[in-house]
Amino acid sequence: MDKILEALVSSSHPLTVKRAIVKKVMEAAEKEVTEEQCQALYHLTTRLILQGEDAFQRQVGLQVQEAYARYHRDEFARFFSKEFVLGLLQQGYGSLDCRDPAILDFLHSSLRLLISCPAVLELAPLLQTEVLRIICERPEPATCAKLATILTDFPQCVPREKAGVLFCQQLVRTFAYFNCPATEEQELREYVTQVTRVSVLLQGIWKAEPATLLPSLQEVFAIISSTDPSFEPSIALASLVQHIPLQMITVLIKSLTTDQNVKDASMTQALCRMIDWLSWPLANHVDTWVIALLKGLAAVQKFTILIDVTLLKIEQVFNRLWYPIVRQGALVVLSHMLLSFQHSPEAFHLVVPQIVPLVKSLKNDGLPNSKTFLLQFAELVHCMMYQYSGFPDLYDSILESIKELPKPNEEKIKFFLNQSAWTSQSNSFASGLLKITGKSETGKTGLVNLGNTCYMNSIIQILFMATDFRRHVMSLHLNGSNTLMKKLQLLFAFLAHTQRAAYSPRSFLEGSRPPWFTAGSQQDCSEYLRFLLDRLHEEEKTLSAFQVTSPKPEPATTSAETLNNAASQPVADMPLHPEPVAAKGDGRTLVERMFGGRLSTAIRCLQCHSLSEKEEPFTDLSLAFCPSMSKCHGPNDEHKSSSSVGPCQGAVNGGSESSEGSVKEGAGTRMERPVVEPTLSVPDLVDYFLAPEILENENCYFCERCASLQRAEKVMQVVAAPEYLILTLLRFSYDATCHVRRKILDNVGIPLHMSLPLRQHGISVTSSSSDSPESGENLAKKLKPSQKEDGMTENRTNMPYVLSSVVVHSGMSSESGHYYSYGRNVSNTDGYVAHPSSKSLESSSLSESSTASQEEMGCADHKSTDWFLFNDSRVTFTNSESLRNVTGRFPKDTAYVLIYRKQEVSGQPSNPGPVVNGSRLSGEPPLQKELMDAITKDNKLFLQEQELNARARALQATSASCSFRPNGSDDNEPPGSCGPSGGGGGGGFNTISRLVF
């Protein structure tokens, strides 16, 4: 039969005749055939299959062999022996090399003919050894794919146990050699199919033998982390990622990032190659693993690797966005890389030139998912331009291209940035000692205590939280100057943009500390605030006057020598900055515009009724406590006597002490039993400050008309309301009996909203005159006698204010304790918009009922996380309830300095925001290049410091033991506490007092 078949296939008979005869030969297989005839046919068909001259001969060989093997399986099993298979796999067949894919195809088809025969099990050990040998020879993708098909269909031929681990490792390494020289689409598709088939084999082995997975992944990392310049592994390894269980991410990343044997160069190389995998078209979860590794490196503070890889690969990742098949995964990685690279705009600016062309392409490509993708991409771009504002030349074209797309709100942008920052990554990958010192969850920056400097830190934080003041400061152009305002601007920039948890304000301390303040000793924060604002005001006036009187300098290039000399020049000699600090056409300084108000003081002689009036500027109101709280009069009560009112009257821009008269009745009794529930409120103290006062007995007024001392009535009125109202509660007083300064511990209610009585403009006192506020005269001028209706009872407007920040003093006296502050961001449009209403002096404008109703309006407007608690380096979320109950919970912690923000009143113009490049800003001004450069430099230094510290701690981790105290709740311990004997109420009144620090 074999002779007939051999002669037939090589004859010249027509093809139809040949097929008919072949059919007869196949039918003969059903009949009894001798062993010798079967073996001869099997040898012939094998030769036709492997060495047939054309497709017909190969097809005949397959058909005839299959027919005879079906009916004579034992004979075929004896033909397909171990020796025959070994010869095929090691020596080939005739002229065919053993690596020829046809050999594996024949092997596969033959095994299928024996699929239910015991012969397969006998061949399995041989095939397990041979497939391991073949894989170690690094075959081509086509050979590996055919081998993978055989092993998938016959899993008993897959190497087991130790050989199985070795097989998986060698197969992974073979992946690294899968190069694709093809350029045609069909060839590329075939290549991808071959790689996918091999990766599916590995997936099956990993599921059947879980012990092979981890060694396989270790081999993957060894390959991609290789720093051998002569070897570049194939990106076909990316096809393996989709088969790695996602639940192993945490374990694997922790193992990689905390392994001290993995060098930085190897980790950098591995991360770069994983990013290259984004180009692999069918690999799922590559973006997930890349981001997990990026976060893991951030958690163990290996910032140098992150910086190097980001700058090296960011453009490549961006370019993947042009290809729809890998676009989505590339965007996820690009978003994380850009949003986490927050210390410098360098990475974002590398891809800025490509943004507009990509946006145009996405708008015009017509793909169904391009619109959704464009929305996600535009959101990322908005976040980055928000983070690195101040580059209009770079961003104008981008804004124009995405102007019709929705823009995320500021809260969402900040959430994305805070969530992605390197210093905010979970530290679960690292050991307990590798504790990241990045910003708190609030996103706010603390201030390092430089030795009893809590007084300064608390003031800086409340000024920073004065939103409109901060924006004006940040919008000033002060390049080349060494002024205090420049130092404040730089400090504000760091508070807003540094990645440090706490910034050290040493330079600002040295430039702003009053000369009489002893370094390292406790100081009064109110006195510091007043000095600071006065310095800023006088400095700006001096610079403005210098600009007016000095000739305009000729343009010249600023040299390094000029800048160095500027630091030693007095303020009046400083070089002019490009734009005047004061608002054009206004003439007032920034401090005057933000914090300045005017107060009118009128004194009327009760004998001749002549009236003297004087207006003075103020930046804060110092509110005294009534000598007897239970008998404190409001402005609508009967006139106070001079003996009870005069000594306790608050001062304008005065000191932080009340006079001796208030001590015995006020502070002395309060020291023994502090008030827990508020018995009075801030509006009560304002009412008391503005209440009419009778000057009599030792305080009689010298009337020039009467030419003698006379009883008189003194009335103080606010005639110009400041944008920010600073109120200082005079809690420290001098006890003449004991010769010590004591603290008034009364609990004062702090309303979120209040109204300040304001005398309406255009209503003047009849026949009155006033002196210039700059004159030093006594100004007790004779005026026309007047009755109450002539001027002393003028109508008032209630100007609405909303609470912005509070400085709290924790301690028993001014010589001891601690300062911390509460703050929130409010502007002149937050809270509520009030309608002006006039009230006469006979009805209190700050009654408890009106305050309570305003409280209800305000509480609903603000979330519980709107408030921040600033305690030197520590910043936490808090709420208004914690602020208003702080003294009730901790009797030694009392409100000291309060800042209220004026709110818009319908019908009255509001204070505009800062102007930058001709545009009025309603949000944060763009960061100027000089400031950004300083912040970028410091952020990079911080990341390097963190990395070095982490490495040093990791080396000691095995021998060190350390426990961290968890952050306590604001409701469980006093915010002002700095230790076991802290200044809060936890220790009672027997706690040993400490210095202010």
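For the single chain, residues carry numbers from 1 onward in sequence order. Note that these values count all heavy atoms, side chains included, but never hydrogens, waters or copies made by symmetry.
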Tyr455 ring center near Phe517 ring center (under 6.0 Å): yes

Carboxylate-amine/guanidinium proximity below 4.0 Å for Glu613 and Arg759: yes

message: Using the rule given for side chain to side chain donor-acceptor pair (under 3.5 Å), can you reason through Tyr822 versus Ser880, listing the C-alpha separation, both sets of side-chain angles and the distance that settles it, and then say yes or no?
response: CA-CA 9 Å; Tyr822 291 85; Ser880 58; over 6 Å; no

Spatial distance of atom CG (Leu590) from atom CG (Leu533) [nearest 0.5 Å]: 10.0 Å

field: Arg901 side chain to Asp468 backbone, donor-acceptor under 3.5 Å
entry: no

- prompt: How long is the span from the OH atom in Tyr801 to the CG atom in Leu725, to the nearest 0.5 Å?
  reply: 5.0 Å

message: Can you give me the closest heavy-atom contact between Ala721 and Leu756, atom names plus distance?
response: CB-CD2, 4.5 Å

task: Write down the atom of Tyr528, the atom of Pro514, and the distance for their closest heavy-atom approach.
output: CD1-CD, 3.9 Å

query: Between Asp746 and Thr894, what is the shortest heavy-atom contact and its length?
result: O-CG2, 4.5 Å

field: Arg470 side, atom CZ; Met594 side, atom CE - distance, nearest 0.5 Å
entry: 12.5 Å

message: If we ignore hydrogens and angles and just use 3.5 Å, is the side chain of Ser458 paired with the main-chain N or O of Cys454 as donor and acceptor?
response: yes

field: Donor-acceptor contact below 3.5 Å, side chain Glu540 vs main chain His537
entry: no

- line: Shortest non-hydrogen pair, Asp620 vs Arg530, comes out as OD2-NH2, 2.9 Å

- prompt: Say you draw a straight line from CE of Met456 to CD of Gln461; how long is it, rounded to the nearest 0.5 Å?
  reply: 10.0 Å

message: What's the separation between atom CG in Leu898 and atom OG in Ser805, rounded to the nearest 0.5 Å?
response: 8.0 Å

- prompt: How long is the gap from CZ on Arg711 to SG on Cys703, to the nearest 0.5 Å?
  reply: 13.5 Å

message: Please check this pair: side chain of Lys614 against backbone of Ser600, looking for a donor-acceptor N/O pair closer than 3.5 Å.
response: no

message: Using a strict threshold of under 4.0 Å (side-chain N to carboxylate O), is an ion pair present between Lys541 and Glu539?
response: no

Glu538/Arg535 ion pair, N-O < 4.0 Å: no

- prompt: Under the side chain to side chain donor-acceptor pair (under 3.5 Å) criterion, do Trp516 and Glu527 qualify, and how do the steps go?
  reply: CA-CA 11 Å; Trp516 59 91; Glu527 185 178 4; 2.7 Å; yes

- request: Classify the angle between the aromatic ring planes of Tyr724 and Phe595 as parallel (below 30°), tilted (30 to 60°) or perpendicular (above 60°).
  value: tilted

Candidate pair His809 and Lys892, rule side chain to side chain donor-acceptor pair (under 3.5 Å), full reasoning: CA-CA 8 Å; His809 176 262; Lys892 293 186 295 181; over 6 Å; no

field: Closest non-hydrogen atom pair between Glu713 and Pro692, with its separation
entry: OE2-CB, 3.7 Å

task: Taking only Lys NZ, Arg NE, NH1 and NH2, and the carboxylate oxygens of Asp or Glu, determine whether Glu723 and Arg593 approach each other closer than 4.0 Å.
output: no

message: Testing the 3.5 Å rule here: is there a donor-acceptor pair between the side chains of Ser708 and Gln710?
response: yes

task: Please name the pair of heavy atoms, one in Leu532 and one in Ser512, separated by the smallest distance, quoted to 0.1 Å.
output: CD1-CB, 4.1 Å

- prompt: Sub-3.5 Å donor-acceptor pair from the side chain of Thr887 to the main-chain atoms of Asp893, do we have one?
  reply: yes

- prompt: Looking at the rings of Phe732 and Tyr896, which for Trp means the six-membered one, are their centres under 6.0 Å apart?
  reply: yes

